[in-house]
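Okay, structure first, notes after.
Given the structure is predicted, the values throughout are model-derived calculations rather than measurements. Letters A, B, ... mirror the listed sequences (proteins, then strands); counts begin at 1.
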There are 2 protein chains.
Amino acid sequence: MTNNEWKYRVAYLGPEASFTYLATRDVFPNEWIIAYRTIPECIDAVTNDMVDYAVVPLENALEGTVPLTIDYLFHEANLYIIGEIKLKIQQHLMVNKAQKDNWEKIEGIYSHPHALAQCHKYLFYRFSHVPLHQTTSTAEAAKMVAENPDKCIAAIGNASSAEKYGLEIVEENIHDFHFNHTRFVILSKHNTRLPIENSDGQPKTMLMLTLPHDDSGALHQVLSVFAWRKLNLSKIESRPLKTGLGNYFFIIDVLADENEPMMKWALEELQSLGCTVKSLGTYYTYNASE
Amino acid sequence: MTNNEWKYRVAYLGPEASFTYLATRDVFPNEWIIAYRTIPECIDAVTNDMVDYAVVPLENALEGTVPLTIDYLFHEANLYIIGEIKLKIQQHLMVNKAQKDNWEKIEGIYSHPHALAQCHKYLFYRFSHVPLHQTTSTAEAAKMVAENPDKCIAAIGNASSAEKYGLEIVEENIHDFHFNHTRFVILSKHNTRLPIENSDGQPKTMLMLTLPHDDSGALHQVLSVFAWRKLNLSKIESRPLKTGLGNYFFIIDVLADENEPMMKWALEELQSLGCTVKSLGTYYTYNASE
């Protein structure tokens, strides 16, 4: 394939073989996908027209929202969400092939803090005396194990990083909780949603909202706008406005299309109540293959 | 002072000279306060009767809620909040006294990731080419600078850590945002709130709540219970139930005493709506001296 065949450039939170890479590769199998080091760098790449889209993690089923993504979208960027990718997170224990017969005697385990947390019980019962070391990503941990064949150490990460760095998976699915998924969002400068094919077909709209005043009924009044219209909210979350303790903005996911009449009226009504409200656009969810 | 004069043992998130230490020392000047390495260890120390109280960070005005504190209180512990401490977070740049004349030529800056983030703009404009290094706490960074008098490096942290490790503060208040406070909670096995003296006198009750069903109106209905009674909420936040994406529990702070008749009825009504609701107790806020 030559460069000319790529239609889009897509930034993702790297390095290669990260979970974000897997999500991005699944939805953009034929595009030019480019690893960036941090979430703000991915978002800035779209803002500055270095790429057409960016894929960044938004929420994990165990760890909750990724605050950096939400805060950067609210405070620093002006982008739209044009699609969402849901990926099952499976963590495996992997060692250098030179050490595959010694893996039960490993002397150190490397991974991203979230991956270590997701395997907390496994590590506690199976390797309670083995020191844990934090890395900036699960792929980075795999790379370190690959580069040290003489050391009896292990990494925790996905199958793709084991493959990329030629490691041996010695225990599969060591994460403590089932149903561990992560949501990734696809960001663009333009509010033109990705096509509905291969998606779950359920439109979802993300709103960022600040309340007009801070009394007992303000949030209740906002939710009334949706409730009596039977507009279902799949998520509501508060984040600091950074103007002082107790001042928040809200992120609300509504299971409806922003162009439906009911949604348009709801958004107008919120504004007339004195709320500052911004729609990040309507999008569909793609389930990444496992 | 001898051991017999201490009435209580209080665990706090260490090490000594951490921000949690400052908050704890302010409210418990004459008690036996003991540093623990992690938030779960502080909480477990109360559960296992190693200490009477624990002080842990709950929320920062810039970074938001400390997820580990909320999640551990919901999923793993059964404790009460008996008081809250509000502390102003002031970050300073400090160097070894041997390097105090060379501080403008520093070759590395060490601190906790949150402190580095809180000084992001200062660092960007003043030291954009100086590498930043993460440490597990601001006090740890100060210790490292103290132990390396021959290196031209700096730490970011509070005045107490500069004092403890004999460092020179070369720039004061380098954090980007004013109004940067952190809320710490005082945890106990028993629901016996701390006395009202020196507090702000405003009772606050923290509720942890799961919804009975997941339709458009569930959260709206819950908020109605408070709204028509004019019970003011100072915070609402969602966190994952860890049973799958899209399943949350809510943390609600109500500006009222759990023993007021209106609050008792509200809690009963929530239960009859099918909510699972747990009160972590009513408490007052203490403003730590700066």
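- The number of heavy-atom neighbours closer than 6.0 Å to NZ of A/K143, taken from other residues, nucleotides and ligands shown, is 12 or below.
- Scanning both residues, A/G64 and B/R239, for their nearest heavy atoms gives CA-NH1, 3.8 Å.
- Smallest separation of non-hydrogen atoms from B/D71 and A/L62: OD2-O, 4.3 Å.
- In this structure, CD on A/E237 lies 6.0 Å from CD on B/E237, to the nearest 0.5 angstrom.
- When heavy atoms are compared at a cutoff of 4.5 Å, A/N60 approaches chain B solely by way of its backbone atoms N, CA, C and O.
- Distance check: B/L245 CG to A/K88 NZ gives 12.0 Å after rounding to the nearest 0.5 Å.
- The 12-atom threshold is not exceeded at NE2 of B/H120, counting heavy atoms of other residues, nucleotides or ligands nearer than 6.0 Å.
- Within 6.0 Å of NZ in B/K264 there are 12 or fewer heavy atoms belonging to other residues, nucleotides or ligands.
- Atom CZ of A/R126 sits in a crowded spot, with more than 12 heavy atoms from other residues, nucleotides or ligands closer than 6.0 Å.
- Looking at B/E63, only its backbone comes within 4.5 Å of chain A, counting heavy atoms on both sides.
- Proximity of B/Y248 to A/I236: side-chain heavy atoms (C-beta onward) are nowhere separated by under 4.5 Å.
- Closest heavy-atom contact between B/G244 and A/A61: C-CB, 4.1 Å.
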- Pair B/L223-A/L219, side chain to side chain contact (heavy atoms under 4.5 Å, CB included): steps then yes or no: CA-CA 8 Å; B/L223 295 187; A/L219 184 61; 3.8 Å; yes
